[in-house]
Amino acid sequence: KELSDKELEEPLWNLQLSLIESDVAVPVAEALSDAVKQKLLGLKVKRFGAKEEVAEAVRKAVREALLELLEKASPINLLEKVKAKRSSSKDPFVIVFVGVNGTGKTTTIAKIAKYLSDNGFTVLLACSDTFRAGALEQLEMHAKRVGVKVIKHRYGADPAAVAYDAIASARARGIDVVLVDTAGRMQTDRGLMDELRKIVRVSQPDLVVFVGDALAGNDALEQAKKFEEAVGIDAVVLTKVDADARGGAAVSIAHAIGKPIIFLGCGQRYEDLIPFTREWLVDRIMG
Amino acid sequence: ALGSALSQAVKKVMKAAIVDEAVVKELVRDLQRALLQADVNVRLVLDLSRRIEKRALEEEPPPGATRRELTLKIIYDELTSLLGGEKTPKVDYPRNKMTKIMLVGIQGSGKTTSAAKLAWFFKKRGYRVGLICADNYRPGAYDQLKQLAEMVGVNFFGIPGEVPVKVASKGVEEFKRRGVNLVIIDTAGRHKSEASLIEEMKTLAKTINPDEIMMVIDATLGQQAAAQASAFHEATPLGSIFLSKLDGSARGGGALSAVAATGALIKFVGTGEKVDEVELFSPPRFVSRLLG
Ligand SMILES: Nc1nc2c(ncn2[C@@H]2O[C@H](COP(=O)(O)OP(=O)(O)OP(=O)(O)O)[C@@H](O)[C@H]2O)c(=O)[nH]1
Ligand SMILES: Nc1nc2c(ncn2[C@@H]2O[C@H](COP(=O)(O)OP(=O)(O)OP(=O)(O)O)[C@@H](O)[C@H]2O)c(=O)[nH]1
Ligand SMILES: [Mg+2]
Ligand SMILES: [Mg+2]
């Protein structure tokens with residue numbers, strides 16, 4: 001017999017709940033459930049043991065739907081991109097890091113600085129967080145530990161000016177990469193989003209990287225949407241995946257903006273930076 | 001005629017009951033979606049909605065009230081009672097002896113900023129406040145809290161590079177000498193899977209013996225809230241919760257899940273990055289925001 005709407009109701013509701021329990025945002029869980037429904041309506045199942053068969057069909061369809069969603073984003077190989085720029089331009093490869101408060105932008109910059117210099121590139125950091133207490137000292141300490149220089153002005157200085165200064169300095173000294181750290185900000189704060197637009201406009205970055213917290217729930221969807229609208233996101237780093245987060249935030253973000261996740265932050269040390277793979281996320285979500 | 005009047009009446013009551021049930025079921029479905037979008041724990045949403053639906057169908061609407069109005073009142077009552085009631089929390093610590101509040105929480109949740117906010121809040125209420133930096137892990141943590149302490153104008157104690165238990169003990173001694181009656185101890189961020197950091201938190205609490213352990217919870221925290229809060233509570237019993245970053249778009253359902261899981265009540269909310277952007281928790285306001 002063929003699967004009908006009625007028979008799919010309960011399995012799809014359970015699917016949505018389990019996706020939500022993995023921190024997939026509610027509208028995204030609903031969209032995935034609809035995608036699964038489309039795949040399964042009319043599917044033929046045996047009369048006996050139908051419940052288990054339906055559950056298995058749902059599982060298979062969710063896996064497919066998740067992989068399809070994640071495949072929409074074309075992957076980025078950071079080292080290749082930086083190498084290509086270095087061989088074709090006198091300008092440094094500029095990456096601006098953005099995101100809401102406390103997601104791990106500064107720590108991620110330090111990790112990526114180490115990753116790039118371990119791979120033979122010269123790196124300069126720009127402290128465009130001129131607002132938060134201790135921001136200058138924090139980035140300075142990371143820079144010292146990783147063995148790279150940092151350009152900073154004073155608290156209250158114009159963040160765009162710091163970025164501009166760092167990029168000019170990198171160009172003059174032949175430094176390969178500039179990593180621009182910005183202050184955390186709520187995507188709902190119009191003034192701060194305007195400030196970020198200015199930083200990005202002045203920096204003309206090769207990549208804008210959105211740093212998101214894997215522990216965030218439904219807000220991950222809102223954050224990704226608004227940052228994408230405001231400044232455009234090229235790639236995503238998802239942090240704190242070591243905190244047992246199931247990773248649904250990555251699905252919400254992929255659904256919202258279709259941009260690749262380039263790294264996962266899996267701890268507080270410099271080596272706690274791992275490349276993202278779709279299989280890892282799908283396995284984790286499917287439990 | 002009485003026979004047909006009776007069957008008409010029965011039909012009408014049955015129809016009303018069916019309509020009533022439909023009204024309640026629809027409200028409960030809407031409630032579920034709202035709470036899930038607000039990041040409330042899935043299990044908690046299912047338990048709550050089951051209980052609310054049962055009450056809404058079994059209880060009698062008071063005279064003049066509809067089944068729908070009764071259901072809405074039950075929703076409000078169930079959520080507020082989960083939060084410990086409607087009243088604003090009492091935070092009148094004694095003035096003639098020292099109270100020590102230790103802040104704990106996940107990395108980046110807002111502990112250091114919230115420590116400064118609490119300092120500002122209690123300084124305004126006439127306490128002699130002291131801030132202690134017991135985070136020797138995060139680069140710049142000492143500078144961050146020191147700068148915030150200067151902004152607020154309160155006593156500050158820290159020893160860059162020193163282990164948390166030593167800084168905290170020495171800080172408390174120094175503050176005793178200065179007549180500080182409210183000490184706020186900032187600690188490093190940690191999560192439940194970092195065994196050595198959880199152990200350090202236990203040791204710190206044992207040594208310092210704080211009067212209150214307050215967990216700072218980010219309003220964006222999703223389905224991991226209950227598990228993380230429970231783990232913290234198991235290691236060092238939580239006295240209260242500080243819900244940070246409520247000025248964003250997140251509705252803070254994770255904090256509700258944490259309250260349900262640990263019994264610790266929310267006392268403060270953070271409404272911005274500045275040290276004066278802190279308020280006492282208001283259950284009715286939180287519930288209405290939670291429901292969208
Ligand atoms: N466990 C864990 N902690 C992390 C990870 N990434 C960053 N952190 C921690 O998260 C906290 C916040 O990191 P920051 O780098 O200061 O975050 P930020 O986004 O720059 O914060 P703001 O600039 O204040 O918005 C720090 O304690 C970091 O050590 C990660 O992948 N795992
Ligand atoms: N918008 C907003 N930002 C906040 C609020 N509370 C804290 N922040 C910001 O959140 C970020 C992290 O705050 P911290 O105080 O450094 O967090 P933390 O918990 O001490 O971080 P770790 O010590 O690394 O675990 C900073 O950018 C703060 O300014 C709040 O209520 N609203
Ligand atoms: Mg930062
Ligand atoms: Mg801190």
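Scope of the values below: all heavy atoms of this structure, side chains included, with no hydrogens, waters or symmetry mates. None of the values given here were measured: they were computed from a predicted structure. Throughout, a chain's letter reflects where its sequence line sits, starting with A, and its residues are numbered from 1.
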TODO: Check whether any side-chain heavy atom of L46(B) sits under 4.5 Å from a side-chain heavy atom of L17(A), and report yes or no.
DONE: yes
Task: L36(B) side, atom CG; I20(A) side, atom CD1 - distance, nearest 0.5 Å - done: 4.5 Å
Open item on the list: Can you tell me if E10(A) has over 12 outside heavy atoms packed within less than 6.0 Å of its CD?
Closed with: no
Task: T220(B) and Q223(A): CA distance, side-chain angles, deciding distance, side-chain contact (heavy atoms from CB on, under 4.5 Å) verdict - done: CA-CA 10 Å; T220(B) 65; Q223(A) 293 171 22; 4.0 Å; yes
Open item on the list: Counting heavy-atom pairs under 4.5 Å with chain A, which one of P139(B), S109(B), A250(B) comes out on top?
Closed with: P139(B)
Task: When K245(B), Q147(B), R251(B), R190(B) are compared by non-hydrogen pairs under 4.5 Å with chain A, the top option - done: Q147(B)
Open item on the list: Please classify the contact of A216(A) with chain B as side chain, backbone, both or neither, using a heavy-atom distance under 4.5 Å.
Closed with: both
- [ ] Ignoring hydrogens and angles, tell me if any N or O in the side chain of D39(B) forms a donor-acceptor pair with the backbone of N218(A) under 3.5 Å.
- [x] yes
Open item on the list: Working to the nearest 0.5 angstrom, can you tell me the gap between Q32(B) CD and W13(A) CH2?
Closed with: 4.5 Å
TODO: Identify which part of L145(B) has an atom lying under 4.5 Å from any heavy atom of chain A, answering side chain, backbone, both or neither.
DONE: neither
Task: Which of G267(A), A135(A), G104(A), G134(A) touches chain B most, by non-hydrogen pairs under 4.5 Å - done: G134(A)
Open item on the list: Would the distance check show the side chain of D23(A) and the main-chain N or O of Q223(B) forming a donor-acceptor pair, the cut-off being under 3.5 Å?
Closed with: yes
Open item on the list: Using 0.5 Å steps for rounding, measure from the CG atom of D213(A) to the CG atom of D218(B).
Closed with: 7.0 Å
Open item on the list: What part of N41(B) gets within 4.5 angstrom of chain A, counting heavy atoms only: side chain, backbone, both, or neither?
Closed with: neither
Open item on the list: As an exercise, state the distance from CG of D143(B) to CD of Q138(A), rounded to the nearest 0.5 Å.
Closed with: 10.0 Å
Task: Most chain B-contacting option - heavy-atom pairs closer than 4.5 Å, from R185(A), Q16(A), E30(A) - done: E30(A)
Task: chain B contacts, top residue of E222(A), H142(A), Q187(A), R145(A) (heavy-atom pairs, under 4.5 Å) - done: H142(A)
- [ ] Drop me the distance from E194(B)'s CD to D242(A)'s CG, to the nearest 0.5 angstrom.
- [x] 6.0 Å
- [ ] Apply the test salt bridge (charged side-chain N to carboxylate O under 4.0 Å, His left out) to residues K146(B) and E137(A): give CA-CA distance (whole Å), side-chain angles for both, the deciding distance (0.1 Å), then the verdict.
- [x] CA-CA 12 Å; K146(B) 183 162 192 279; E137(A) 289 81 358; over 6 Å; no
Open item on the list: When you compare the side chain of K240(A) with that of H191(B), does any pair of heavy atoms fall below 4.5 Å?
Closed with: no
Open item on the list: So for R138(B), is it side chain, backbone, both, or neither that comes closer than 4.5 Å to the heavy atoms of chain A?
Closed with: side chain
TODO: For atom CD of E271(A), decide whether the heavy atoms of other residues, nucleotides or ligands shown that lie under 6.0 angstrom number more than 12.
DONE: yes
Task: Gap between atom CD of Q144(B) and atom CG of L136(A) - 0.5 Å precision - done: 11.5 Å
- [ ] Flag the pair Q268(A) / L197(B) as yes when at least one side-chain heavy-atom distance between them is below 4.5 Å, and no otherwise.
- [x] yes
Open item on the list: Between K226(A), E140(A), E21(A), M141(A), who has the most heavy-atom pairs with chain B when the cutoff is under 4.5 Å?
Closed with: E21(A)
- [ ] State whether the number of non-hydrogen atoms from other residues, nucleotides or ligands found under 6.0 Å of R285(B) atom CZ is greater than 12.
- [x] no
TODO: For K114(A), look at atom NZ and say whether over 12 heavy atoms of other residues, nucleotides or ligands are found less than 6.0 Å away.
DONE: no
Open item on the list: Please identify which of these residues, K192(B), Q224(B), Q228(B), meets the side chain to side chain donor-acceptor pair (under 3.5 Å) condition with D244(A).
Closed with: K192(B)
TODO: Classify the side-chain pair D219(A)/S249(B) by whether it contains a donor and acceptor separated by less than 3.5 Å.
DONE: yes
